[in-house]
Amino acid sequence: MKRLHWLVIPAALSGGLATTAMADDGSLSDSQLDRLLERASQYGFTQYEEISLDDGERVEIEGWRDDGWHLDVDMLASSGELVHEEQSKSQIPDWSLSGDELRQALASAREAGLQRFGQLDVDDNGHLEIEGYDTQDREVEIRMNRSDFSVTGVDHD
């Protein structure tokens with residue numbers, strides 16, 4: 001019986017390490033990303049410009065509150081705890097993504113093969129890119145049309 005007990009401990013620990021390794025590869029699972037987006041919404045984000053996992057531990061989110069203030073925050077990927085924030089008075093640009101549009105873009109990226117999220121960028125020219133990893137753990141970059149979230153290109157590294 002003791003041998004079985006000792007075999008269970010390494011199995012339990014390796015499962016935890018696998019979860020940590022996934023976060024350390026610069027990507028987030030769907031559930032991790034959903035949790036962080038919920039936290040960003042609670043913080044006040046209504047429009048988004050960029051989301052990126054910086055070092056496997058921090059997520060940077062840039063966007064706007066509904067009153068026009070531009071937000072640039074860093075959150076811990078593991079908990080959503082705010083660790084850095086900058087705010088500046090601004091105007092919400094037409095090209096930014098609402099929370100619903102952000103979720104539509106992520107759904108289109110998943111249909112195009114995104115398995116784990118790494119980064120999202122949208123710019124004033126209507127370019128929208130989402131990077132991460134596909135089901136074979138290859139890096140993937142998905143470009144899409146900002147107006148309807150149709151995929152215009154997929155690159156694997």
* Can Ser31 and Ser29 be counted as having a side-chain donor-acceptor contact under 3.5 angstrom? -> yes
Quiz item: Above 12 or not: heavy atoms from other molecules or residues under 6.0 Å from CG of Asn125?
Solution: yes
Taken to the nearest 0.5 Å, the spacing of Leu33 CG from Leu102 CG works out to 7.0 Å
With Ile51 as partner, the option from Val122, Leu37, Ile130 fulfilling side chain to side chain contact (heavy atoms under 4.5 Å, CB included) is Leu37
If we ignore angles and hydrogens, is there a donor and acceptor under 3.5 Å between the side chains of His156 and Gln136?
no
Note, Val73 side chain near Phe45 side chain (heavy atom, < 4.5 Å) = yes
- Query: With a 4.5 Å heavy-atom cut-off, do Val83 and Leu76 have their side chains touching?
  - Reply: yes
Query raised in the report: What's the verdict on salt bridge (Lys or Arg N to Asp or Glu O under 4.0 Å) for Arg58 and Glu60, showing C-alpha distance, side-chain angles and the deciding distance?
Result: CA-CA 6 Å; Arg58 289 186 177 199; Glu60 179 181 9; over 6 Å; no
So CZ of Arg35 and OG of Ser79: to nearest 0.5 Å the spacing works out to 8.0 Å
Tell me whether Arg39 is salt-bridged to Glu81, with the criterion being a basic N under 4.0 Å from an acidic carboxylate O. no
Check whether any side-chain heavy atom of Gln115 sits under 4.5 Å from a side-chain heavy atom of Tyr133, and report yes or no. no
| query | With distance as the sole criterion, is a donor-acceptor pair present between the side chains of Asp148 and Ser150 under 3.5 Å? | reply | yes
CG (Leu114) and CG (Asp30) are apart, to the nearest 0.5 Å, by 7.5 Å
Can you find a pair of side-chain heavy atoms, one from Val154 and one from Asp134, that are under 4.5 Å apart?
no
Separation between CD1 (Ile142) and CG (Leu120), nearest 0.5 Å, reads 10.5 Å
Salt bridge (charged side-chain N to carboxylate O under 4.0 Å, His left out) test vs Arg146 passes for just one of Glu49, Glu129, Glu101, namely Glu101
Side chain to side chain, His127 and Arg143, heavy atoms closer than 4.5 Å:
no
When rounded to the nearest 0.5 Å, the distance separating CZ of Arg116 from CG of Asp137 is 4.5 Å
So OH of Tyr48 and CG of Asp121: to nearest 0.5 Å the spacing works out to 15.0 Å
